[in-house]
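I have placed the structure first, in the form of structure tokens, so that the comments after it can refer back to it.
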Amino acid sequence: MIDVRLLRTDPGLVRASLERRGAKVDLDHLIELDSRYRALLQEVEAARAEQNAAGKRIAEARGPGKSQAIAEMKRLSDRLKQLEAELAEIRSELDHALIEVPNLVHPDAPDGFGDESNRLVSTVGSPPVFDFTPKDHMDIGEGLGIIDTERAAKVSGSRFAYLLGPAVLLEFALVRMAMDRLMPDGFVPVIPPVLVRAEAMFGTGFFPTDEAQVYRCADDDLYLAGTAEVPIASMHAREMLPADRMPRRYVGYSTCFRREAGTYGRDTRGIIRVHQFDKAEMFSFCFPEDSDNEHQRLLAHEEGIWQALEIPYRVLEICAGDLAAPNYRKFDIEAWLPGTGRWLEVTSCSNDIDYQARRLQIRTKRDSGTELVHTLNGTAVAVGRAIVALLENHQQADGSVRIPEALQPYTGFDVIGPP
RNA sequence: GGAGGCAUCGCCUAGUCAGGUCUAUGGCGCGGGAUUGCUAAUCCCGUUGGGGCGCAAGUCCCUCGCGCGUUCGAAUCGCGCUGCCUCCGCCA
């Protein structure tokens, strides 16, 4: 949610940001609603002040004057009730309109829409050279017997997978390596609940925009989180974070659930796009003036992990038109997949500034006053896609897969296979 | 799933039975100050959060878990919801 006051004081700024996103929001209507709301609010508050004063007089009054005063106040009370009903209606209209408004856009974010408008920030590492024809992750995974999507389809339908044997140990190794890199930098490991209330979905900005992507447990009115970002951001909802304990950093490990509605033709092979995967996610709550630096910090951790995995990657800054509603600025890392011959998005790192904090009411108090915090999130390891990248980049002629050195202390083995 | 209890401005707490100066009491903590004079103590002042108007000083409104209701008036009465606790059942 954006700051309504900004809408009042600098509507041009908001309008420019929304245009860069290509967001269709009727700002004039919003401004009109806000001004009607405040005008009516003043009327209501004046009436309440009158009622409060009259109430005191009644409390002190004795005798016949009292019943007369009560009769007078009844008329006042009726009028106030009518005004309050009107106020509530406008407030609700305003709230519904506001929750649809996406975040502002960072001035440095590239303009445009679609992949071709993203800015290439850097490319690191070089594609591995093979003296054989490299296979894609599915051929390798099935060959090694560590990925089984056919049986998963039998049990759960398409876009599910069984991970088996060394793939499972690889998952735990990846997660533990990420934690070990992040904990010294103040990230507190957390395993959050993955079933959350609608409030958490709205608070983090996934609702109302992405409601179609979320699994719902209708009987209990709970939703399966598509990322640990949702329960971690919501963890401190309606809290005042002590200034001397800022920033607050977490690395959350959770299973992630995504309906992938509307992606029927895309990434149907293997485990690149599945309904369920595990992920370690970084999340920071920080002071507003620190969020640009914090964003770079999260991105640096992501790059460090991919370098440790010895996988070539590139960093993209996402263009204004492709930012999700809560994002102010976003960087993706794409790993090179030699078997498939394409780049694959493996991390996403966003600065949402005060957008989530305003919805979730997460504040901090300093001498300068109380203010909303900034929130940021970034992928530490999306396990499924990390496994895909490892298999394709470190495959060997005999069908086995080499484990990069940094990971070996965690896996306990240096190779998977040969079959 | 069943039965019962609880929810007050950072934490603890008075107030709720008998609705009206509750403009919510006190303690802890925190901030500022005074005095004594040194492994500290005592005293004074301030301290929930949010919003409207205003250049400001200020002023008004809301906030006793949330919502709805009763009433001229709700921390207080009624209903619903949420959370926590205890017991029973079930359960990894």
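Each chain gets a letter, A, B and so on, in the order its sequence line appears, and its residues count up from 1. In this text the structure is predicted, and so the values were computed from the model without any measurement.
Ring geometry for His236(A) versus Tyr250(A): interplanar angle of 30 to 60°, hence tilted. Taking the six-membered ring where the residue is Trp, Tyr223(A) and Phe207(A) present perpendicular rings, their angle passing 60° and hence far from 30°.
Contact check of residues 191-206 of chain A against RNA chain B (heavy atom, cut-off under 4.0 Å) returns Arg197(A). Annotation: proximity of residues 87-96 of chain A to RNA chain B (heavy atom, distance under 4.0 Å) is found for no residue.
Checking C81(B) for Watson-Crick or G-U wobble geometry (two distances, each under 3.5 Å) identifies G65(B) as its partner. The nucleotide C11(B) finds its pairing partner in G27(B), both defining distances of the Watson-Crick or G-U wobble pair being shorter than 3.5 Å. Across every strand in view, U70(B) sits unpaired, with no contact that passes the Watson-Crick or G-U test at under 3.5 angstrom. Across all strands shown, G89(B) remains unpaired; no Watson-Crick or G-U wobble contact has both distances below 3.5 Å. Across all strands shown, A34(B) forms a Watson-Crick or G-U wobble pair, both distances under 3.5 Å, with U42(B). Using Watson-Crick or G-U wobble geometry with both donor-acceptor distances under 3.5 Å, U16(B) finds no partner in any strand shown.
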For nucleotides 70-74 of chain B, list the nitrogen or oxygen atoms of the protein found under 3.5 Å from its nitrogen or oxygen atoms, one pair per line.
{"from": "C72(B)", "atom 1": "O3'", "to": "Ser77(A)", "atom 2": "OG", "distance (Å)": "3.2"}
{"from": "G73(B)", "atom 1": "OP1", "to": "Ser77(A)", "atom 2": "OG", "distance (Å)": "3.1"}

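The separation of C88(B) from G31(B), taken at their P atoms, amounts to 47 Å, rounded to a whole angstrom. Here the separation of A41(B) from C17(B), taken at their C1' atoms, is 43 Å to the nearest Å. Spacing between G50(B) and C44(B) at atom C1', rounded to whole Å, works out to 30 Å. To the nearest whole angstrom, the two C1' atoms, one in C22(B) and one in C38(B), are 44 Å apart. The gap from the C1' atom of G80(B) to that of U70(B) amounts to 15 Å, rounded to the nearest Å. A distance of about 38 Å separates the P atoms of C85(B) and G32(B), rounded to the whole Å. Straight-line distance between the P atoms of C72(B) and G67(B): roughly 23 Å, to the nearest whole Å. Spacing of P atoms, G73(B) relative to U63(B), comes out at 14 Å, to the nearest Å.
Checking Glu392(A) against Thr340(A) by side-chain atom types alone, a donor-acceptor pair falls below 3.5 Å. Inspection of the His275(A) and Tyr215(A) side chains reveals an N or O donor paired with an N or O acceptor under 3.5 Å. Between the side chains of Ser350(A) and Asp352(A), not a single donor N or O lies within less than 3.5 Å of an accepting N or O.
Under a cut-off of 6.0 angstrom, the local environment of CZ in Arg79(A) is sparse, with at most 12 non-hydrogen atoms contributed by other residues, nucleotides or ligands. Counting non-hydrogen atoms of neighbouring residues, nucleotides and ligands closer than 6.0 angstrom, the CD atom of Glu86(A) exceeds 12 such neighbours.
For Glu239(A) and C11(B), the CD to P distance is 10 Å, given to the nearest whole Å.
Listed by first then second residue, pairs satisfying salt bridge (charged side-chain N to carboxylate O under 4.0 Å, His left out) with a partner in residues 253-266 of chain A read Glu260(A)-Arg273(A), not counting sequence neighbours. Residue pairs meeting the side-chain hydrogen bond (donor to acceptor under 3.5 Å, both in side chains) criterion with at least one partner in residues 184-194 of chain A, sequence neighbours excluded, are Asp185(A)-Arg297(A), Asp185(A)-His301(A).
Glu100(A) contributes no side-chain N or O that, together with a main-chain N or O of Val25(A), makes up a donor-acceptor pair within less than 3.5 Å.
Contact detail for Arg21(A) and Ala325(A): the closest heavy-atom pair is NH2-O, 3.6 Å. Of all heavy-atom pairs spanning Cys256(A) and Thr227(A), the tightest one is SG-CA, 3.9 Å. What you find for Ala335(A) and Ala389(A) is that their closest heavy atoms are CB-CB, 4.2 Å. The nearest pair of heavy atoms linking Pro107(A) to Tyr328(A) is CD-OH, 3.5 Å.
At least one side-chain heavy atom of Met179(A) sits under 4.5 Å from a side-chain heavy atom of Tyr253(A).
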request  = Using a 4.0 Å heavy-atom cut-off, write out nucleotides 50-63 of chain B from 5' to 3' as B (base contacted by protein), S (sugar-phosphate only) or - (no contact).
outcome  = SBSS------BBS-
